[in-house]
Amino acid sequence: MKEFELINRYFTGRGITRRDVDLGIGDDCALISVPENCQLAVTTDTLVEGVHFFADIPPRALGHRILAVNLSDLAAMGAEPAWVSIGLTLSDVDQQWLEEFTEGMHDIAEYYNVQIIGGDTTQGPLTITVCAKGIIPKGKALTRSGAKNGDWVYVTGPLGDSGLAIEARKQGWDVAPEHLKSATERFNFPSPRVAAGQVLRGIATSAIDISDGLLADLSHILRQSGVGAVIHADKVPTSDALNSLDNDDVRLKLALAYGDDYELLYTVSDDNKNLLETKLQQYGVEPVCIGQIINNDGKLELLYHNQTWPLPDIGFEHFS
């Protein structure tokens, strides 16, 4: 199967068709109509085999994951996902693998009403680049720069499961099969908080998705907002799988500094915290307050049962 046969079989005519796509797959560019009084949100991520996922990841999971991590970026800005372009580099054409991979991708795209509008296919080591686009009412985007002294710091769900799945495999940890299975599912099939992001719009003061680790991503907010924070590590939500570890240092490091969780981290004023909690709960999200913003530029203080706890190595960074 050659390049254009691959595109026609696995991409052309598959998935949803949005009315705002004037021209999709098959030309030099796609043409889309952005609604009046809206801004276009654009994010790009590249996933590389052996860096972002194991070589034996189920292809359906990989198809889901590559879109989910981009939709999570849109969610952090309060955007409504709309269109994606995909750059797919394959070492060879494995039709069974491609069928499962594209099924996983089309499934999540359909769930979030996203149309795949184009991209590129090349031959080489397995690498996937996704450019996702979304719509935000003009001037309503959430950013990292709005946190203020006295704001409360929240997350939308449990952290650390992806780190548990990865490190249990790499280090050979003895983890109960049911816990390892649930953690691996969360790594393979992350759920971007798209609805929650749109609820945060206009109420939260800042937001970011947790991809590189809670403390690393919080540091971006602190730096861009010119504030500090006090975080209570014992209040950070964790799953039964992570809680099964009996080593506090390891458990906290996975929850605080590992990443790949794709929950949202956000700040909200004291006046709006109850309103936002109520609205998120209507969408099945149980927000958890884990700390507070302080008027101390860039300072991050970590407490565990109200005692100072040393900061772990903060997050993942390429080339570090």
Ile208 vs Arg144, side chain to side chain contact (heavy atoms under 4.5 Å, CB included): CA-CA, chis, key distance, verdict: CA-CA 6 Å; Ile208 191 171; Arg144 303 174 181 183; 3.4 Å; yes
Test log, rule side chain to side chain contact (heavy atoms under 4.5 Å, CB included), inputs Ile25 and Ile117: CA-CA 5 Å; Ile25 295 171; Ile117 58 172; 5.6 Å; no
Trace of the side-chain hydrogen bond (donor to acceptor under 3.5 Å, both in side chains) decision for Thr122 with Thr89: CA-CA 5 Å; Thr122 57; Thr89 301; 2.8 Å; yes
Derivation of the side chain to side chain contact (heavy atoms under 4.5 Å, CB included) call for Thr308 and Leu302: CA-CA 6 Å; Thr308 300; Leu302 187 62; over 6 Å; no
Criterion side chain to side chain contact (heavy atoms under 4.5 Å, CB included) on Gln282 and Thr278, from CA distance to verdict: CA-CA 7 Å; Gln282 293 172 358; Thr278 301; 4.1 Å; yes
Worked check of side-chain hydrogen bond (donor to acceptor under 3.5 Å, both in side chains) between Gln96 and Glu100: CA-CA 6 Å; Gln96 179 66 33; Glu100 295 179 22; 2.7 Å; yes
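With respect to Arg65 and Asp45, no salt bridge is recorded, no charged nitrogen being found less than 4.0 Å from a carboxylate O. The pair Arg186-Glu263 meets the salt-bridge criterion, since a charged nitrogen lies less than 4.0 angstrom from a carboxylate oxygen. Look at Glu178 and Lys181 and you find no salt bridge, because none of the NZ, NE, NH1 or NH2 atoms lies under 4.0 Å from a carboxylate O. Under the 4.0 Å criterion applied to side-chain N and carboxylate O atoms, Asp107 and Arg60 are assigned as salt-bridge partners.
By the neighbour-count criterion of 12 heavy atoms within 6.0 Å, atom CG of Asp270 is densely surrounded, having more than that number from other residues, nucleotides or ligands. More than 12 heavy atoms of other shown residues, nucleotides or ligands fall within 6.0 angstrom of atom NZ in Lys273. Heavy atoms from other residues, nucleotides or ligands lying under 6.0 Å from OH of Tyr283 number 12 at most.
What you find for Val250 and Asn247 is that their closest heavy atoms are N-OD1, 3.1 Å. Nearest heavy atom pair, residue Tyr266 against residue Thr156, reads CE2-CG2, 4.0 Å. Contact between Ala229 and Ile293 at its shortest, heavy atoms only, is CB-CD1, 4.1 Å. Gly157 approaches Arg193 most closely through the heavy-atom pair CA-NH2, 4.1 Å.
A donor-acceptor contact under 3.5 angstrom links the side chains of Asp209 and Ser72, judged on distance only. With 3.5 Å as the limit, one finds a donor-acceptor pair spanning the side chains of Thr129 and Thr46. With 3.5 Å as the limit, one finds no donor-acceptor pair spanning the side chains of Glu277 and Gln281. A donor-acceptor contact closer than 3.5 angstrom is absent between the side chains of Tyr112 and Glu80. Trp83 and Asp20 are linked by a side-chain donor-acceptor pair at a separation below 3.5 angstrom, with hydrogens and angles left out of the test. Side chain to side chain, Ser269 and Asp151 fail the donor-acceptor criterion of an N or O pair below 3.5 Å. A donor and an acceptor atom, one from each side chain of Lys148 and Ser206, are nowhere located under 3.5 Å apart. Under the 3.5 Å distance criterion, with hydrogens and angles disregarded, a donor-acceptor pair is assigned to the side chains of Thr267 and Thr205.
Here the side chain of His179 pairs no donor or acceptor atom with the backbone of Val175 at under 3.5 angstrom. No donor-acceptor distance shorter than 3.5 angstrom exists from the side chain of Asn296 to the backbone of Lys299, with no hydrogens or angles considered. A donor-acceptor pair is defined here as one N or O able to donate and one able to accept, closer than 3.5 Å; such a pair exists between the side chain of Asp217 and the backbone of Ser211. Checking side-chain atoms of Asn149 against main-chain N and O of Asn295 turns up a donor-acceptor pair under 3.5 Å. Looking only at distances, a side-chain donor or acceptor of Thr127 sits under 3.5 Å from a matching main-chain atom of Pro125. A donor-acceptor pair is defined here as one N or O able to donate and one able to accept, closer than 3.5 Å; such a pair exists between the side chain of Gln115 and the backbone of Arg18. Of the possible donor and acceptor atoms, none in the side chain of Gln198 sits under 3.5 Å from a partner among the backbone N and O of Gly78.
In the hydrophobic cluster analysis, where Ile, Leu, Val, Met, Phe, Trp and Tyr join through side-chain heavy atoms closer than 4.5 angstrom, Ile32 is grouped apart from Ile116. Linking ILVMFWY residues whenever their side-chain heavy atoms come closer than 4.5 Å, directly or via other members, leaves Val114 and Ile135 in distinct clusters. If you chain together hydrophobic residues whose side chains sit under 4.5 Å apart, Phe189 and Phe101 never meet in one group. In this structure, Val130 is not a member of the same hydrophobic cluster as Val42, with clusters built from ILVMFWY side-chain heavy atoms closer than 4.5 Å. If you chain together hydrophobic residues whose side chains sit under 4.5 Å apart, Ile210 and Val268 never meet in one group.
The line from NE2 of His64 to OH of Tyr111 is 10.0 Å long, rounded to the nearest 0.5 Å. With rounding to the nearest 0.5 Å, the separation of NE2 in His305 from CG in Asp234 is 4.5 Å. Expressed to the nearest 0.5 Å, how far OH of Tyr258 lies from CD of Glu167 amounts to 3.5 Å. The structure places NE2 of His232 at 8.0 Å from CD of Gln292, a figure rounded to the nearest 0.5 Å. One finds the CD1 atom of Ile86 at 5.5 Å from the CZ atom of Phe11 (value rounded to the nearest 0.5 Å). Distance check, rounded to the nearest 0.5 Å: CG of Leu200 to NZ of Lys140 gives 14.0 Å.
The side-chain heavy atoms of Leu215 and Leu300, taken from C-beta on, include a pair separated by under 4.5 Å. Contact of the Val84 side chain with the Lys133 side chain is not registered, since no non-hydrogen atoms from C-beta on lie closer than 4.5 Å. Between Trp97 and Leu90, some side-chain heavy-atom pair lies under the 4.5 Å cut-off.
Grouping Ile, Leu, Val, Met, Phe, Trp and Tyr residues whose side-chain heavy atoms lie under 4.5 Å apart, directly or via other members, places Val230 in a hydrophobic cluster with Ile294, Leu303.
By the ring pair (Phe, Tyr, Trp, His ring centres under 6.0 Å) test, Tyr262 pairs with no residue at all, sequence neighbours left out.
Identified under the side-chain hydrogen bond (donor to acceptor under 3.5 Å, both in side chains) test for residues 26-40, with sequence neighbours left out: Asp22-Ser33.
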